[in-house]
Amino acid sequence: MTSPDTEPHSLYAAREPVFPKRVKGNFRTLKWWLLALMLGAYYIAPWIRWDRGPALPDQAVLLDLANRRFFFFMIEIWPHEFYFVAGLLIMAGLGLFLFTSAAGRVWCGYACPQTVWTDLMILVERWVEGDRNARLRLHRQKWDAEKLRKRAMKWTLWFLIGLATGGAWVFYFTDAPTLMMNLLTGQAHPIAYTTIGVLTATTFLFGGFFREQVCIYACPWPRIQAAMMDEDTLTIGYRDWRGEPRGKQNVAGNGDCIDCMACVNVCPMGIDIRNGQQLACITCGLCIDACNDMMDKIGKPRDLIGYMALTDETRERAGQPPKSVWKHVFRPRTVLYTVLWSAVGIALVVALFMRSDIDINVTPVRNPTFVTLSDGTIRNAYTIRLRNKLGEAHDFKISETSGAELTLHVEAADDNVVTVPANETLSIRVYLEAAPDSPAAGAHRTDVTLWVSDAQGTARVSHDTVFNGKGE
Ligand code: SF4
Ligand code: SF4
């Protein structure tokens, strides 16, 4: 006989399916609005047109990988301007720090794609199978015609959502109407079909089946966020000093919690917030809506479950009122994050408006640093990469300024004028020459500025470089 102490304990706990109940309230309404806004923007954005002239694509939001360009309405980011993308990522990170330190896991509860798509999948599930009790009953009943029909319908709708999600993603990388035609006629690139297939499958599985397990077991964010929260961070908690001992209403000695389980039944993570703050809680606020509804029904004050900070808990237990929300939101930590976030944002906006419509890179040819021509002239060669961001083909004049008497020649160009097609980069070979006995020919190095000016005089840029002489 095996003694209970020696029986092996499994470290694996089977998943208990979660069937969140429908709930109405302020947080649920806010979440519906955010869901509509975010999913609407995601699905619609690739179809918005934006006229940039004949030489550029007319898709408002486009990651043009083939031409290494990113378009966002009137903004066009070139590969050498990647610092804009880096700046936006820094702003996104600082924004996440700011919101987490002020109001806990608001990202998880309201904006994370896992939360948003899971919400959508649950909405479809509820529409097909009914609310919590009906879904529980269907889950437990054997596979009969009704269960087969409802499951098939639900999975088909989930699959279509997944397909729309994967489809929308690939439209961000090329002209959406053209790609749609190619996809429908089987002429799109295999990568497009593969990407759609992978994203359809992940959306279907992650949003439909894995749901809360992704947040609890797969996502690192719940573990990291604790470093950004402190005792003044607002998060969702249960006022046990008011609710306990829980039990029947109107029984002497009982607290306000009537143990109706409404807060547990609506929770998409399947947890009981009355057990205290938990890693699984994504602070979606639905338990607040459920409990407030119940408090209204039994005529008790709202916010038995609500947003509060640890400092509020201490104060309320001591019979003092909680601090105002603003005192929690405006703290040195959040002010610092806001200042940093604003500084990066302002720097990006300034950089955006100070960009020139033409842009050059100058690379001196250093092998050899100079050549001596048959008449003793010293020649240096340079490669100029000239980007024309003006939206139409333009002529550009290349010139130099220096303290020395140098002569400039542009290879295969009359009068040192080159034509650069719209939104293209041209590689140009430029030569600077110093007469045999000139100071620049004998000097080791002479500072030079190379200039590129638009023939219409609308734009002019320069680049400092050096002319290498014999150095005698
Ligand atoms: S406990 Fe409340 S706030 Fe936390 S996940 Fe569940 S319903 Fe959302
Ligand atoms: S909804 Fe409110 S009253 Fe009902 S069990 Fe939860 S905390 Fe108690």
Side-chain angles (χ1 to χ4, degrees), residues 15-32 34-35 99-100 102-112 114-119 121-123 126 131-132 207 210-217 219 221-222 225-226 229 233-251 253-310 312-313 316:
R15 180 197 176 213
E16 287 293 326
V18 181
F19 300 96
K21 189 174 160 58
R22 189 161 177 259
V23 63
K24 283 184 180 169
N26 295 339
F27 290 101
R28 183 63 267 181
T29 305
L30 175 66
K31 276 170 69 71
W32 284 139
L34 289 173
L35 180 143
F99 278 101
T100 305
R105 294 176 67 182
V106 278
W107 162 258
C108 302
Y110 301 91
C112 172
Q114 176 62 25
T115 299
V116 173
W117 263 280
T118 299
D119 239 8
M121 297 302 201
I122 292 174
L123 180 69
R126 192 178 296 129
D131 206 353
R132 176 181 159 80
F210 301 159
R211 298 186 182 178
E212 80 286 351
Q213 295 178 94
V214 176
C215 312
I216 297 172
Y217 302 116
C219 180
W221 182 235
Q225 61 162 351
M229 294 167 66
T233 300
L234 289 167
T235 187
I236 289 171
Y238 166 65
R239 292 181 161 86
D240 62 276
W241 55 94
R242 196 189 121 189
E244 301 296 323
R246 66 188 76 163
K248 282 200 169 70
Q249 191 188 358
N250 298 330
V251 172
N254 276 357
D256 285 353
C257 175
I258 55 169
D259 208 12
C260 63
M261 299 294 281
C263 52
V264 182
N265 292 342
V266 299
C267 178
M269 308 301 288
I271 59 172
D272 187 343
I273 192 67
R274 296 172 301 170
N275 295 337
Q277 286 184 4
Q278 295 151 67
L279 180 107
C281 175
I282 56 170
T283 67
C284 64
L286 298 185
C287 53
I288 301 179
D289 283 342
C291 190
N292 279 345
D293 185 45
M294 194 52 64
M295 291 297 111
D296 290 348
K297 282 181 182 150
I298 64 172
K300 297 274 184 183
R302 292 183 142 218
D303 289 334
L304 178 56
I305 300 174
Y307 267 100
M308 71 181 110
L310 283 175
D312 288 337
E313 187 178 328
E316 285 191 31

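Just follow the structure's listing: the first ligand is 1, and inside any ligand the first atom is 1. One-based numbering along the sequence shown. Computation of the quantities below employed the complete heavy-atom set of this structure, encompassing side-chain atoms and omitting hydrogens, waters and symmetry-equivalent molecules.
Per-residue contacts place Ile273 under 4.0 angstrom from the following atoms of ligand 1 (heavy atoms of the residue considered): 1 (S). Short contacts between ligand 1 and Gly285, defined as distances under 4.0 Å to a heavy atom of the residue, involve ligand atoms 3 (S), 8 (Fe). Of all atoms in ligand 2, numbered sequentially from 1 with element shown, those under 4.0 Å from a heavy atom of Cys257 are 3 (S), 5 (S), 7 (S), 8 (Fe). Taking every non-hydrogen atom of Met269 and a distance limit under 4.0 Å, the qualifying atoms of ligand 1 come out as 5 (S). Every atom of ligand 2 is numbered from 1 in the order shown, and the set under 4.0 Å from a heavy atom of Ile305 is 7 (S). Counting atoms of ligand 2 from 1 in the listed order, those under 4.0 Å from a heavy atom of Met295 are 3 (S). Within ligand 2, counting atoms from 1 as listed, the ones closer than 4.0 Å to a heavy atom of Cys291 are 1 (S), 2 (Fe), 7 (S). Taking a cut-off of under 4.0 Å to the non-hydrogen atoms of Cys260, the atoms of ligand 2 that pass are 1 (S), 3 (S), 4 (Fe), 5 (S). For ligand 2, the atoms lying closer than 4.0 Å to a non-hydrogen atom of Cys263 are 1 (S), 5 (S), 6 (Fe), 7 (S). Of all the atoms in ligand 2, the ones that sit under 4.0 Å from a non-hydrogen atom of Arg274 are 5 (S), 7 (S). Within ligand 1, the atoms closer than 4.0 Å to a non-hydrogen atom of Ile236 are 3 (S), numbered from 1 in the order shown.
A 4.5 Å side-chain heavy-atom check between Arg274 and Arg246 finds at least one atom pair inside the cut-off. Within the 4.5 Å cutoff, side-chain heavy atoms of Tyr307 are placed close to those of Thr283. Leu30 has its side chain within reach of Tyr110: a pair of non-hydrogen atoms, C-beta onward, lies under 4.5 Å apart. For the pair Phe27/Ile236, no side-chain contact is recorded, criterion being any heavy-atom separation below 4.5 Å from C-beta on. You'll find the side chain of Cys281 stays beyond 4.5 Å of the side chain of Arg105, heavy atoms only. Side-chain contact check for Arg211 versus Pro268: every heavy-atom pair is 4.5 Å or farther apart.
Residue contacts to atom 2 (Fe) of ligand 1: Cys284 brings no N, O or S atom closer than 2.8 Å.
Here the protein heavy atom with the shortest distance to atom 2 (Fe) of ligand 1 is Cys287 SG, 2.3 Å. Nearest protein heavy-atom neighbour of atom 4 (Fe) of ligand 1: Cys281 SG, 2.3 Å. In this structure, atom 6 (Fe) of ligand 1 lies nearest to the protein heavy atom Cys267 SG, 2.3 Å.
Heavy-atom distances between Thr283 and ligand 1 reach below 4.0 Å in at least one pair.
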key: Criterion side-chain contact (heavy atoms from CB on, under 4.5 Å) on Asp131 and Lys21, from CA distance to verdict   = CA-CA 6 Å; Asp131 206 353; Lys21 189 174 160 58; 3.8 Å; yes
message = Pair Met269, Gln278 - check side-chain contact (heavy atoms from CB on, under 4.5 Å), show working.
response = CA-CA 11 Å; Met269 308 301 288; Gln278 295 151 67; over 6 Å; no
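Put simply, CD1 on Ile305 and CG on Leu286 are 11.0 Å apart, with the number rounded to the nearest 0.5 Å.
Of all non-hydrogen atoms in Ile273 and Cys287, the two that sit nearest each other are CG2-SG, 4.3 Å.
Contacts of Ile271 with ligand 1, taken as heavy-atom pairs under 4.0 Å, involve the side chain alone.
With hydrogens and angles ignored, the 3.5 Å screen pairs no side-chain donor or acceptor of Asp293 with any backbone N or O of Ala290.
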